[in-house]
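Scope of the values below: all heavy atoms of this structure, side chains included, with no hydrogens, waters or symmetry mates.
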Amino acid sequence: MTYREVGIKAGLEGSRLKLFIDYMNKRWADSEEEKCLTGYAMEWAERFKDNVEWGCSDSQGQMVLKELMGK
């Protein structure tokens, strides 16, 4: 399974799906298969679906979000 497949399964679409995929690839590109198999990617997909990814991210994750959102 891929980050894209997980995002779609979680109900993400359009720009939210793209942001989720980009975030996951920036944070954990080298462990996509593992993150998808263990359910960790789905946890993050749900966070993006609920628009709580900022509050659930550590400082490194927030820096990635800022970069991806052009802030």
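One finds the OH atom of Tyr23 at 3.5 Å from the CH2 atom of Trp44 (value rounded to the nearest 0.5 Å). The distance from the CE atom of Met42 to the OH atom of Tyr3 is 13.0 Å, given to the nearest 0.5 Å. Atom OH of Tyr40 sits about 7.0 Å away from atom CE of Met24, to the nearest 0.5 Å. Here the CD-CD distance, from Glu53 to Gln62, works out to 10.5 Å after rounding to the nearest 0.5 Å. Interatomic distance, Lys49 NZ to Phe20 CZ, rounded to the nearest 0.5 Å: 12.5 Å. Put simply, OG1 on Thr2 and CD on Glu33 are 11.0 Å apart, with the number rounded to the nearest 0.5 Å.
Linking ILVMFWY side-chain heavy atoms closer than 4.5 Å, directly or via other members, places Met63 and Trp54 in two distinct hydrophobic clusters.
Summarising the geometry of Leu12 relative to Phe48, their closest heavy-atom pair is CD2-C, 4.0 Å, with the distance given to 0.1 Å. A pairwise comparison of heavy atoms in Ala29 and Asn25 identifies CB-O, 2.9 Å as the closest pair. Nearest approach of Val6 to Ala45, heavy atoms of both residues: CG1-CB, 4.0 Å.
Cys56 pairs in a side-chain contact (heavy atoms from CB on, under 4.5 Å) with only one of the listed residues (Glu43, Glu46, Arg47), which is Arg47.
With Glu13 contributing its side chain and Ile8 its backbone, the two residues share no donor-acceptor pair below 3.5 Å. Side-chain atoms of Asp50 do not come within 3.5 Å of backbone N or O of Val52 as any donor-acceptor pair. Arg4 contributes no side-chain N or O that, together with a main-chain N or O of Ile21, makes up a donor-acceptor pair within less than 3.5 Å.
Contact check on Asp22 versus Lys26 returns no salt bridge, with no Lys/Arg side-chain nitrogen under 4.0 Å from an Asp/Glu carboxylate oxygen. Contact check on Lys9 versus Glu5 returns no salt bridge, with no Lys/Arg side-chain nitrogen under 4.0 Å from an Asp/Glu carboxylate oxygen.
Heavy atoms from other residues, nucleotides or ligands lying under 6.0 Å from CE of Met1 number more than 12.
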